[in-house]
Enquirer: 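There's a structure below that I have some questions on.
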There are 2 protein chains.
Amino acid sequence: MTDSDDILARQLWALGDTARLRILARLPRNPDCKHRNNVSQLAEDMGMPQPTLSHHLRVLRQAELVSYKRMCRDVYYWLDENAAHDVAKRLCDYVKEHAPKEEADVT
Amino acid sequence: MTDSDDILARQLWALGDTARLRILARLPRNPDCKHRNNVSQLAEDMGMPQPTLSHHLRVLRQAELVSYKRMCRDVYYWLDENAAHDVAKRLCDYVKEHAPKEEADVT
DNA sequence: TCCATTTATTGACATTTTTAAATACATGGA
DNA sequence: TCCATGTATTTAAAAATGTCAATAAATGGA
C-alpha cells in the first residue's frame, strides 16, 4: 500500500458521507462571490449549524477536494471539479493495475 | 439527497479504507478457484485474522462491489470491476449534475 | 451421527467520527 | 481601541467503526 493509495483511500472516505456530498452539490466550481455563498449563508441554506459545516469543509479541504479564498470577512469555498474527477480516475486505475495476472490454465 | 446518492456515498465509504483497498487488490476479477484464493488463504496471505477479513468482505458485499460463490467448503470472492468503474462514473456524474448554473454576470 | 474444515457472526474493547454548543480567532468599520 | 460580523477551533457527548478472540453455522467426509 503506497502513500498515494493512502491518499486515494482518504479522498474516497471524505466523499463517502452524505452530508459532505450534499455540501459539494451546493458549492460552485469556481470562486464565486456573486451569490453570497459564504460559509454562514451556506450553513443557513442547508439548515446545518455553522461549526458542523466548517468541520466537513475542513475534511474536504484536507482531502484537497475543495479550495477557498477569503474576501473581507467572508470565506468562499468551491469544488475543485478536476480533483473529484481525478479521484474517480485513480480509483479506476487502482482497480486495473491490481488485476492479478491470470496464470496459464492448469490442464 | 436521493436514495441513489445514499448508495453512492455508501460505496465510496466502503472503498475509502486502506484495509479494503488492499483486499480488493488481491481479489481476482472473476470466480477463480485455480489459485486457492479462498477466504482463509487470503487471510493468511495478508496476515489478517480471518474474522477481520470476513468483516471487510461483508462491507464490500453489501456495497455490491464484490461477488462470491461457495464451492464445497470454500468461498471464493472476486471484485466486480464494472461495479467499481460504475462508482467512479457516478461520482463524476454527481459532480457534473450538481454544478450550480451560472447566472448572468452582474454588470 | 460425529468430526474436521471453512466461513460468518457475536461480543468486547479501543479508536474514530459526527454533531453542536461554547469559545477563540480574524477582519474591518466606527 | 472597541465592537460587530464571519469563520475556525475546542470541547464534550453520542454514535459508528475497526479489530480480533470466541463461537456459531455450514459443508462434506468417515
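Throughout, protein chains are lettered first and strands after them, A, B, ... in sequence-line order, and every chain is numbered starting at 1.
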Enquirer: Going 5' to 3' along DNA chain C, which nucleotides are the first and last within contact of chain B (any atom under 4.0 Å from a heavy atom)?
Expert: C/dA4 to C/dT9

Enquirer: Which comes earlier along DNA chain C counting from the 5' end, the contact point of A/C72 or that of A/P49, where each point is its nearest nucleotide?
Expert: A/P49

Enquirer: Rounding to a whole Å, what distance do you find between B/I23:CD1 and D/dG18:C1'?
Expert: 11 Å

Enquirer: Rest of the hydrophobic cluster containing A/W13 (Ile/Leu/Val/Met/Phe/Trp/Tyr, side-chain heavy atoms under 4.5 Å)?
Expert: A/V59, B/W13, B/V59

Enquirer: Got a sec, which residues hit ring pair (Phe, Tyr, Trp, His ring centres under 6.0 Å) with B/Y94, two or more places apart in sequence or on another chain?
Expert: B/H98

Enquirer: Could you walk me through whether B/M1 and B/D6 satisfy the side chain to side chain contact (heavy atoms under 4.5 Å, CB included) test, starting with their C-alpha distance in whole Å, then the side-chain angles of each, then the deciding distance to 0.1 Å, before giving a yes or no?
Expert: CA-CA 7 Å; B/M1 175 85 21; B/D6 278 331; 3.6 Å; yes

Enquirer: Can I get a per-line list of side-chain donor-acceptor pairs under 3.5 Å for residues 39-55 of chain A, giving both atom names and the distance, sequence neighbours left out?
Expert:
{"residue": "A/Q41", "atom": "NE2", "partner": "A/D45", "partner atom": "OD1", "Å": "3.1"}
{"residue": "A/Q50", "atom": "NE2", "partner": "A/S54", "partner atom": "OG", "Å": "3.1"}

Enquirer: Polar atom pairs between nucleotides 5-8 of chain D and protein, under 3.5 Å, N or O only, would you list them?
Expert:
{"residue": "D/dG6", "atom": "OP1", "partner": "A/R36", "partner atom": "NH2", "Å": "3.4"}
{"residue": "D/dG6", "atom": "O3'", "partner": "A/R73", "partner atom": "O", "Å": "3.3"}
{"residue": "D/dG6", "atom": "O3'", "partner": "A/D74", "partner atom": "OD1", "Å": "3.2"}
{"residue": "D/dT7", "atom": "OP1", "partner": "A/V39", "partner atom": "N", "Å": "3.2"}
{"residue": "D/dT7", "atom": "OP1", "partner": "A/V75", "partner atom": "N", "Å": "2.8"}
{"residue": "D/dT7", "atom": "OP1", "partner": "A/V75", "partner atom": "O", "Å": "3.3"}
{"residue": "D/dT7", "atom": "OP2", "partner": "A/S40", "partner atom": "N", "Å": "2.6"}
{"residue": "D/dT7", "atom": "OP2", "partner": "A/S40", "partner atom": "OG", "Å": "2.5"}
{"residue": "D/dA8", "atom": "OP1", "partner": "A/Y77", "partner atom": "OH", "Å": "2.7"}
{"residue": "D/dA8", "atom": "OP2", "partner": "A/S54", "partner atom": "OG", "Å": "2.8"}
{"residue": "D/dA8", "atom": "N7", "partner": "A/Q50", "partner atom": "NE2", "Å": "2.7"}
{"residue": "D/dA8", "atom": "N6", "partner": "A/Q50", "partner atom": "OE1", "Å": "3.4"}

Enquirer: Which residues, ordered by chain and number, are linked to B/W78 in its hydrophobic cluster, where ILVMFWY side chains connect at heavy-atom gaps below 4.5 Å, directly or through other members?
Expert: none

Enquirer: Output all residues satisfying side chain to side chain contact (heavy atoms under 4.5 Å, CB included) with A/R61, sequence neighbours left out; order by chain, then residue number.
Expert: A/R58, A/V66, A/Y68, A/Y77

Enquirer: Would you call A/R29 and B/V95 a side-chain contact if the rule is heavy atoms closer than 4.5 Å?
Expert: yes

Enquirer: For nucleotides 11-16 of chain D, give me every protein contact, N/O to N/O, under 3.5 Å, one pair per line with atom names.
Expert:
none

Enquirer: Quick one: name the residues clustered hydrophobically with A/Y76, using the 4.5 Å side-chain heavy-atom rule over I, L, V, M, F, W, Y, and just say none if it's on its own.
Expert: A/M71

Enquirer: Tabulate below the donor-acceptor pairs under 3.5 Å that side-chain atoms of residues 80-90 of chain A make, not counting sequence neighbours, or state none.
Expert:
{"residue": "A/D80", "atom": "OD1", "partner": "A/N82", "partner atom": "N", "Å": "3.2"}
{"residue": "A/D80", "atom": "OD1", "partner": "A/A83", "partner atom": "N", "Å": "3.3"}
{"residue": "A/D86", "atom": "OD2", "partner": "A/R90", "partner atom": "NE", "Å": "3.0"}
{"residue": "A/K89", "atom": "NZ", "partner": "A/D93", "partner atom": "OD1", "Å": "3.4"}
{"residue": "A/K89", "atom": "NZ", "partner": "A/D93", "partner atom": "OD2", "Å": "2.9"}
{"residue": "A/R90", "atom": "NH2", "partner": "A/Q11", "partner atom": "OE1", "Å": "2.4"}

Enquirer: How many Å lie between CE on B/M46 and C1' on D/dT19, as a whole number?
Expert: 14 Å

Enquirer: Kindly write out the residues that satisfy side chain to side chain contact (heavy atoms under 4.5 Å, CB included) with A/T2, not counting sequence neighbours, or none if the list is empty.
Expert: A/S4, A/D5

Enquirer: At under 4.0 Å between heavy atoms, what does A/H55 touch on the DNA or RNA strands: base, sugar-phosphate, or nothing?
Expert: base

Enquirer: Under the side chain to side chain contact (heavy atoms under 4.5 Å, CB included) criterion, do B/L15 and B/L24 qualify, and how do the steps go?
Expert: CA-CA 9 Å; B/L15 291 165; B/L24 292 184; 3.6 Å; yes

Enquirer: Would you kindly give the CG-to-P distance between B/L60 and D/dG18, to the nearest whole Å?
Expert: 10 Å

